Amino acid sequence: MNSELIDFTEALIHGFCDDFYHDDSVLHEATSYALKAKGKRVRAQLCLLACKAMGGSQKDGARAALAVEMIHAYSLVHDDLPCLDNDDLRRGQPTTHVKYGDDFALLAGDALLTDAFQVLAGVEFGVLGSKLARPSSEQVQKFTAELASAAGGRGMVAGQSSDVYWTAKKGGSLEVLQEIHQRKTAYLMAAACSMGAISAGANPGDVGKLKEFGMNLGMAFQVIDDLIDGEAGIGKTPGKDAESGKLTYVSLLGREKAEELAKKYTQTAKALLESIGEKSEGLSQLTEWLLNRKY
Ligand code: GRG
């Protein structure tokens with residue numbers, strides 16, 4: 001974890017909410033509540049560090065970092081709704097629907113999803129102006145393609161959908177589980193990395209390399225998520241996945257093999273960074289931290 005980047009991301013998020021979700025409507029309150037809730041900000045860190053690895057500044061990477069956290073926050077709000085995972089606790093606080101009702105939580109998620117693309121489009125936001133670089137039209141086009149394909153009906157939404165389907169069927173295989181998590185978790189992390197590289201004006205080869213790094217890191221992240229599911233202090237209801245009969249790496253492989261798999265993905269991710277050189281040191285440290293994370 002990079003506390004400087006977390007602070008930078010928190011300031012971005014707070015500045016954006018103050019500027020954009022500033023009226024006293026329930027919608028704006030619920031949307032800010034969901035986005036400001038203290039998460040690990042892993043996707044923003046990935047984006048900012050990938051941008052740095054390609055020679056860009058925090059200002060260059062900030063827009064994509066904010067947008068990817070908005071998409072992630074929307075996915076958590078919708079995932080927690082009673083019609084999906086039905087969870088009461090997220091990021092150590094009551095979920096958005098518990099606090100504001102299912103209707104406003106649904107709408108807050110919709111707002112975050114849509115407004116993320118406005119952020120990417122290069123719009124200026126009040127006090128945030130000095131923190132966000134203006135992207136070129138080519139960058140806007142690339143950002144949109146990366147984020148929409150990672151999050152949409154062939155990406156995260158498709159992963160969530162397979163998850164719902166197989167949880168109801170109480171079946172599935174390792175192959176199904178891999179497909180669910182590639183789409184549900186890894187694609188967005190990969191997009192965080194590719195957008196960070198695009199923010200810095202990286203060439204397509206390097207963008208592709210960082211995207212592949214993000215895929216491997218995302219898969220490691222998910223296996224570790226399954227490993228820590230049963231533990232208290234993770235900010236969400238412990239043991240929820242196991243209890244609901246969800247397919248997990250631990251239920252399919254056992255703890256030992258799941259740990260090995262997480263290490264394997266981590267090693268592949270780190271090997272991809274080696275070819276980038278010392279500017280990717282921050283990404284390497286974050287990868288190591290994620291392997292050993294406890295929440
Ligand atoms: C509702 C379309 C739709 C998708 C939801 C991401 C997702 C898809 C659901 C979240 C369920 C979940 C717990 C998945 C496991 C991996 C994951 C994305 C964990 C949460 O990410 P963290 O740990 O969260 O980075 P913080 O709160 O730290 O940002």
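Since the structure is predicted, the reported quantities are computational estimates derived from the model, not experimental observations. Order of appearance sets the numbers: ligands from 1, and atoms from 1 within every ligand.
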Could you list which atoms of ligand 1 come closer than 4.0 Å to a heavy atom of [X]?
X      : answer
His72  : 20 (C), 21 (O), 22 (P), 24 (O), 25 (O), 26 (P), 29 (O)
Thr185 : 16 (C)
Tyr74  : 2 (C)
His78  : 1 (C)
Asp225 : 15 (C), 16 (C)
Arg91  : 26 (P), 27 (O), 29 (O)

Summary of salt bridge (Lys or Arg N to Asp or Glu O under 4.0 Å) pairs that have at least one residue in residues 122-150, sequence neighbours excluded: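 Output for this query lists Glu124-Arg134, Glu138-Lys142, Glu146-Lys211.
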Pair Phe221 + His181: ring centers closer than 6.0 Å: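 No, the ring centres sit 6.0 Å or more apart.
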Taking the six-membered ring for Trp, are the ring centroids of Tyr21 and Phe16 within less than 6.0 Å of each other?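 Yes, close enough.
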Establish, from distance only, whether the side-chain atoms of Gln285 and Glu281 form a donor-acceptor pair under 3.5 Å.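 Gln285 vs Glu281: donor-acceptor pair found between side chains.
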I want to check something: taking the side chain as every heavy atom from C-beta on, are Glu4 and Gln58 in contact at a cut-off of under 4.5 Å?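 A side-chain contact exists here, since the closest heavy-atom pair is under 4.5 Å.
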Set out, in order, the CA-CA distance, both residues' side-chain angles and the distance that settles salt bridge (charged side-chain N to carboxylate O under 4.0 Å, His left out) for Lys270 and Glu274, then state yes or no. CA-CA 6 Å; Lys270 287 184 87 171; Glu274 271 164 28; over 6 Å; no
Considering Arg43, Gln222, Lys38, which one's heavy-atom position lies nearest to atom 18 (C) of ligand 1?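 That would be Arg43.
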